[in-house]
*Asks:* 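Below is the structure I would like to discuss, written out as structure tokens.
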Amino acid sequence: MTQAHGLPDLLARVLAARGIRPGEAEAYLRPRLRELMPDPACLLDMEAAAERLARAVETRETVAIFGDYDVDGAASAALLAGHLRALDVPVHVHIPDRITEGYGPNVAAVTALAGEGATLLVTVDCGTAGHEPLAHAAALGLDTIVLDHHGAPEALPIARAIVNPNRLDDLSGLGHLCAAGVVFLTLVALNRRLRARGRLDLPELTGALDLVALATVADVVPLVGLNRAFVVQGLTVMRARGRKGLAALLDAASLSEPPEAWHLGYLVGPRINAGGRIGDAALGARLLGTEDPAEAARIAAELDRLNRERQVIEAEAVAEAEAAMDRELAGDPDRPVLVAGSGDWHPGIVGLIAARLKERFRRPAFAFALRPDGSAVGSGRSIPGADIGRAVREAVAAGLIAKGGGHAMAAGATLAGIDLARFGEDMAHRLADDVARATAVEALLIDGTVNAGGATAEMVRLIQRAGPFGQGAPEPVFALPRHRIADARIVGNGHVSAKLRSRDGQVLAAIAFRSAEGPVGRALLSGIGRDFHVAGTLSCDSWRGSERAQLRIGDLAPCD
């Protein structure tokens with residue numbers, strides 16, 4: 001790569017470690033949507049979906065959009081609604097309440113939307129397993145289009161079209177798309193059909209790539225192929241701050257620098273999700289769709305407040321869950337799947353609890369909110385190589401749990417009766433071999449070594465040319481051999497800030513997020529004055545008007 005394309009050696013090494021061949025380097029570094037965009041018709045049912053939407057546009061039918069309550073659902077709903085409204089189509093958007101309605105379309109909401117005059121129902125980021133509500137929609141005379149990406153059962157519900165690259169019979173090879181990516185391709189197909197019929201005043205779609213980028217990063221789908229182009233070009237759109245809601249939310253998050261991919265996952269996404277977790281689930285979709293700066297500022301402020309409230313609730317629940325799992329693992333340290341539950345946990349944060357358990361104990365984990373009626377609603381998170389979405393769908397098909405589904409890395413489940421031990425045994429049976437294989441090869445892969453003096457802002461910017469980084473495109477990890485911990489202290493919500501000094505006296509700022517109670521944080525806090533080999537990822541931090549490199553610590557080992 002360095003010889004053929006003149007790439008710096010470090011950048012070429014990062015690309016090579018990710019399987020990029022020399023002839024692919026330029027295209028990888030500059031992903032272009034025009035070159036990576038597939039023909040939308042390669043998706044099964046796409047032509048039927050585009051035709052039905054085109055008819056709705058031509059006759060100005062009232063369209064009901066039913067979305068999920070997470071970032072992908074909110075972005076998908078805002079993307080579709082904005083496009084249809086620009087085509088003068090009346091639109092009603094419904095985002096279900098997580099607690100009272102649960103995930104996916106439901107009979108009551110479908111009935112209400114039909115009562116508001118809708119004749120076409122479009123579900124986004126949900127609907128693939130919605131047999132009863134979609135049959136009810138058909139009985140009410142509504143046509144339904146499903147635009148989804150979740151794992152699909154063999155038997156699909158009644159619908160005019162089900163566009164989902166993860167259908168068992170779909171051969172498009174686009175299973176890595178999030179729902180907003182599927183919606184975007186659907187709108188490309190719709191515009192093409194309308195243009196063929198002579199309509200020329202069509203909304204341009206590139207300005208909506210900010211929503212697709214946000215959903216792609218926040219839903220943790222693989223950043224490969226088309227998804228990389230979505231994120232790269234979507235970030236360019238977002239930096240222009242043309243979308244009032246996103247601009248207001250970036251301001252509420254106190255982000256003064258141009259947004260990067262990791263900002264979407266750690267700053268923007270959690271604030272939008274906060275509405276669906278502990279507040280009004282429709283806030284995210286309304287924020288992303290509004291053209292009113294005052295309304296955008298008001299909703300952004302409310303989501304920021306809800307996110308702070310969510311952080312407090314989450315911290316208390318995570319501490320309780322970790323303590324419970326510590327006690328259980330003391331008696332059974334090789335348990336492959338963790339299951340925790342409490343009647344005190346808010347149903348909106350169980351996914352976050354599961355994620356923390358997975359991070360802490362390095363194995364799939366589920367967390368359940370126990371309901372007074374004897375049922376339990378929960379969420380799970382997994383490690384690479386252990387597909388919990390498949391395991392949950394199999395349990396549903398076997399009649400062991402009432403409802404559930406999801407992705408390889410994240411799933412939801414509803415238990416008709418509170419029997420967490422039985423659920424845990426079933427998940428362990430289905431996932432034990434996968435977890436054993438995954439943990440047997442678990443390792444921290446290092447891209448190279450660097451010392452404190454060599455870790456500069458210029459080096460970070462060079463590495464970032466290989467981004468965006470995320471699921472399927474891991475951020476480069478560097479080792480700092482034999483650096484002394486010059487200082488370490490707890491900051492923020494359980495983070496540990498440190499200073500690492502190399503043998504030539506150079507100092508690098510470092511931070512270990514959410515580590516104060518874990519082995520990495522304890523090692524830092526007790527290791528001041530000692531030498532460690534330290535590994536982590538590099539980022540740029542703005543400090544008093546200038547940029548400096550900072551290490552996000554992933555692991556460390558004492559030199560002695």
Side-chain angles (χ1 to χ4, degrees), residues 220 265-266 270 277 310-342 344-346 348-369 378-386 388 391 408-413 420 423-424 427-428 431-432 434-436 438-445 471 474-475 477 488 490-498 510-527 534-537 552-557:
V220 202
Y266 289 96
R277 294 190 188 282
R310 185 270 305 168
Q311 289 173 329
V312 174
I313 297 171
E314 178 192 346
E316 295 172 352
V318 167
E320 180 184 348
E322 288 183 340
M325 292 302 98
D326 277 330
R327 290 191 298 270
E328 292 197 14
L329 289 173
D332 184 9
D334 297 324
R335 180 175 300 186
V337 179
L338 303 180
V339 180
S342 171
D344 296 328
W345 294 346
H346 192 290
I349 64 164
V350 290
L352 302 174
I353 299 170
R356 299 293 175 262
L357 293 177
K358 183 263 295 187
E359 292 173 5
R360 164 86 185 274
F361 298 104
R362 306 301 304 160
R363 66 196 77 187
F366 287 84
F368 283 88
S379 188
R381 299 293 183 270
S382 193
I383 59 176
I388 60 171
M409 301 293 286
L420 300 187
F423 175 79
M427 289 295 105
L431 292 170
D434 292 341
V435 172
T439 54
V441 299
E442 185 179 27
L444 186 63
L445 302 180
Q471 182 71 21
E475 193 166 2
V477 175
I490 297 175
V491 298
N493 187 22
H495 314 312
V496 176
S497 174
I511 190 164
F513 289 110
R514 293 192 300 268
S515 68
E517 299 299 323
V520 169
R522 289 195 294 267
L524 288 168
L525 294 168
S526 64
V534 187
T537 59
R552 297 195 296 268
I553 297 175
D555 204 355
L556 74 167

*Asks:* Could you report the tightest heavy-atom contact between Gly385 and Asp434, atom names first, then the distance?
*Replies:* O-CB, 3.4 Å

*Asks:* First locate atom CD1 of Ile388, then atom CD1 of Ile383, and finally report the distance between them rounded to the nearest 0.5 Å.
*Replies:* 10.0 Å

*Asks:* How about Glu517: does its CD atom have over 12 heavy atoms from other parts shown lying under 6.0 Å from it?
*Replies:* no

*Asks:* Enter the distance from His346:NE2 to Glu314:CD here, rounded to the nearest 0.5 Å.
*Replies:* 13.0 Å

*Asks:* Are Pro336 and Leu431 packed together at the side-chain level, in the sense that at least one heavy-atom pair is separated by less than 4.5 angstrom?
*Replies:* no

*Asks:* Checking side chain to side chain contact (heavy atoms under 4.5 Å, CB included) between Leu524 and each of Ile511, Leu556, Ile490, which is the one that passes?
*Replies:* Leu556

*Asks:* Considering all heavy atoms of both residues, which atom of Ala386 and which atom of Val435 are nearest to each other, and what is their separation?
*Replies:* CB-CG2, 4.1 Å

*Asks:* How long is the straight-line distance from CG of Leu357 back to CG of Leu352, given to the nearest 0.5 Å?
*Replies:* 11.0 Å

*Asks:* Has Ser379 got a side-chain atom pairing as donor or acceptor with Ala411's backbone, closer than 3.5 angstrom?
*Replies:* yes

*Asks:* Give me the atom names and distance for the closest heavy-atom approach of Ser382 to Pro364.
*Replies:* OG-CG, 3.6 Å

*Asks:* Do any N or O atoms from the side chain of His495 and from the backbone of Arg514 form a donor-acceptor pair under 3.5 angstrom?
*Replies:* yes

*Asks:* Look at the side chain of Arg552 and the backbone N and O of Phe513, then say whether any donor-acceptor pair between them is shorter than 3.5 Å.
*Replies:* no

*Asks:* Shortest non-hydrogen contact from Ala535 to Leu444?
*Replies:* CB-CD2, 3.7 Å

*Asks:* To the nearest 0.5 angstrom, please state how far the CD atom of Glu320 sits from the CE atom of Met325.
*Replies:* 10.0 Å

*Asks:* Would you call Arg310 and Ile349 a side-chain contact if the rule is heavy atoms closer than 4.5 Å?
*Replies:* yes

*Asks:* How far apart are the closest heavy atoms of Ala516 and Leu525, and which atoms are they?
*Replies:* O-CD1, 4.4 Å

*Asks:* What's the separation between atom CG in Asp326 and atom CZ in Arg360, rounded to the nearest 0.5 Å?
*Replies:* 4.5 Å

*Asks:* Just how far is it from atom CH2 of Trp345 to atom CD1 of Ile353, taken to the nearest 0.5 Å?
*Replies:* 5.0 Å

*Asks:* Val477 versus Leu445: any side-chain heavy-atom pair under 4.5 Å?
*Replies:* no

*Asks:* Which heavy atom in Ile553 sits nearest to a heavy atom in Ala512, and how many Å separate them?
*Replies:* CB-CB, 4.1 Å

